[in-house]
Number of protein chains: 4
Amino acid sequence: MPEADSPIERPHCSLAIRVRYVECDPMGYLHHSHYLPYFEMGRTELLRQSGANYRDLEEQGFFFVVAKIAVNFRKPARYDDSLELITRITRQTHVRIDHAYELYHQESRLLLATAETTIACVDREGKIIAILENLGSKAG
Amino acid sequence: MPEADSPIERPHCSLAIRVRYVECDPMGYLHHSHYLPYFEMGRTELLRQSGANYRDLEEQGFFFVVAKIAVNFRKPARYDDSLELITRITRQTHVRIDHAYELYHQESRLLLATAETTIACVDREGKIIAILENLGSKAG
Amino acid sequence: MPEADSPIERPHCSLAIRVRYVECDPMGYLHHSHYLPYFEMGRTELLRQSGANYRDLEEQGFFFVVAKIAVNFRKPARYDDSLELITRITRQTHVRIDHAYELYHQESRLLLATAETTIACVDREGKIIAILENLGSKAG
Amino acid sequence: MPEADSPIERPHCSLAIRVRYVECDPMGYLHHSHYLPYFEMGRTELLRQSGANYRDLEEQGFFFVVAKIAVNFRKPARYDDSLELITRITRQTHVRIDHAYELYHQESRLLLATAETTIACVDREGKIIAILENLGSKAG
């Protein structure tokens, strides 16, 4: 990633999420698997903010699949907690987009988790295709 | 389908299910919403047992949607419990299939829940279509 | 239910929900099992609006379990749809609370689903206990 | 734990999993978030195979939390696919256990995903505690 292209200057998106009862496990914690849909919601909102829309893209035959994910869970979240998710694009080529995520407890500002994902674009048959130029300029 | 056809003589299917950790809530109970996928698995297995296959049906353009569901929750299930689900068809017309379900705790034979669903068949556009004759004789 | 105690005068709560990608199935529809957590969110918000809080109640040893649920699915919802859920209490005794739900597509005002649930209050060991007088007056 | 202990000689566990309809998304693929509960099921079975039991451990006040997870998604899985999950412990200290996972399509033997997790042991209050010696010898 070129130095001139720092994460700080990249567009990012803040999303408020309230933890649902169904998402919490017998420990009383937000189950670790439910962080992934949160990150997906972050990507959806970041794209919407750029003027595009995943749903429209799917209707046009562009599907995004997650190729890699890595999450660090630092502190648990609990039922009814208000969280803030920060999503940003850290790298984009014509075949992949990397995002980074920070999930905070809204009141205490505690950092609960950080994550990184790599997504690729595929067609209806699941074949990898180039990411729309258009989307690139909009979302990146 | 013969009129005298009583539920008792109807084909039914028994499915073993082990409760997953992610399905349990802060009370330590299997969350009530997760019974619905269990019932869906029961329908899948009942259909498979009849020689048909939901996945093939979807590829042929026949989709099944749940129109109605009613569940009575009698006793809770817990993480790692082994359950037995009994699924049977109680009524079938050319536009709908009704199923009944009984969910048991495998060891204790306690009845945990009973349920009824009505499903309808739709095409790719979501329009209600007649249920395959073939499927009728196979599944009913 | 006495005539003087009509649903219309009862407190109700409106909750905005956006359908998540992870909640949609291969038909592209919000999977029917995911309506149940929505209804649970409706109960959470209705209670909050009355000044109480499920999380605090759980910490005090009052747990609410779903004893019965019935849902009519009328129209499908899709990924990224904005929905409005109306939740109201229809009946309350010292051992159970009945709620009714209406789920609308926000833009089109189409009614997507209606539902009814009965919840009971249990203690930490799962034994049914009387619902707090206090909660009664607040939530009902 | 002997230093020469190579991953290959370590106990591992094979678990058969059939993909559920509710776990598949509008692309028709097993949603990436649902791989995490599969890995959790792998850990549960590996522990059971060693003679211990997560549920008993929780009753004794030992809880396992996921601290880190990394997944590589290589090929999609679809509704009704029969998968095989291989779970093994790759490293264990007195405060953490690392697992590695390989998820295969049962018929084709295609490798669908690989993953690694780090879990830690906490008490009822969420404080990190030493992993039972006993569990170590049994599970590792």
Side-chain angles (χ1 to χ4, degrees), chain B residues 13 15-49 51-66 69 76-83 85 87 99 105 107 117 119 124 126, chain D residues 13 15-49 51-66 69 76-83 85 87 99 105 107 117 119 124 126:
Chain B
C13 150
L15 179 66
I17 301 171
R18 193 187 283 273
V19 177
R20 300 175 176 180
Y21 195 78
V22 69
E23 295 171 334
C24 294
D25 64 22
M27 278 187 270
Y29 297 162
L30 172 61
H31 189 270
H32 66 278
S33 66
H34 294 301
Y35 288 67
L36 275 56
Y38 287 9
F39 302 145
E40 188 169 65
M41 289 158 64
R43 291 194 298 275
T44 294
E45 291 312 313
L46 182 60
L47 190 64
R48 194 191 318 279
Q49 185 178 294
N53 188 292
Y54 267 124
R55 181 161 143 178
D56 295 347
L57 288 171
E58 287 212 346
E59 277 165 22
Q60 292 159 36
F62 298 92
F63 297 84
F64 287 86
V65 291
V66 176
I69 191 156
R78 287 166 185 282
Y79 166 52
D80 217 38
D81 277 349
S82 288
L83 309 183
L85 176 67
T87 306
H99 290 84
H105 190 266
E107 263 181 84
T117 58
I119 60 172
R124 257 178 240 287
Chain D
C13 151
L15 179 66
I17 300 172
R18 191 187 283 274
V19 178
R20 300 175 177 180
Y21 195 78
V22 70
E23 294 171 335
C24 294
D25 64 22
M27 277 186 271
Y29 296 162
L30 172 61
H31 189 268
H32 66 279
S33 67
H34 294 301
Y35 288 67
L36 276 55
Y38 287 8
F39 302 145
E40 188 169 62
M41 290 157 64
R43 293 193 298 275
T44 295
E45 291 312 314
L46 181 60
L47 190 64
R48 195 193 316 279
Q49 186 178 293
N53 188 294
Y54 267 124
R55 181 161 142 177
D56 295 347
L57 288 170
E58 288 212 345
E59 277 163 22
Q60 292 159 38
F62 298 92
F63 297 84
F64 288 87
V65 291
V66 176
I69 190 157
R78 288 165 185 282
Y79 167 52
D80 218 38
D81 277 350
S82 289
L83 310 182
L85 175 68
T87 306
H99 290 84
H105 190 267
E107 262 181 86
T117 58
I119 61 173
R124 257 178 240 288

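Note on naming: letters A, B, ... go to the chains in the order of the sequence lines (proteins, then strands), and numbering restarts at 1 for each one.
Of the listed residues (D:Glu40, D:Glu58, D:Arg43), just one forms a side chain to side chain donor-acceptor pair (under 3.5 Å) with B:Tyr21, and that residue is D:Glu58.
The CD atom of B:Glu45 sits 7.0 Å away from the CG atom of D:Asp80 when rounded to the nearest 0.5 Å.
Other residues, nucleotides and ligands place more than 12 heavy atoms under 6.0 Å from the CD atom of B:Gln60.
In plain terms, the two heavy atoms of B:Arg55 and D:Asp81 that are nearest each other are NH1-OD1, 2.7 Å.
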**OP:** Could you please spell out the steps behind the side-chain contact (heavy atoms from CB on, under 4.5 Å) verdict for D:Thr44 and B:Arg18?
**Re:** CA-CA 11 Å; D:Thr44 295; B:Arg18 193 187 283 273; 5.8 Å; no
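The contact between B:Arg78 and chain D is made by backbone and side chain atoms together, counting heavy-atom distances below 4.5 Å.
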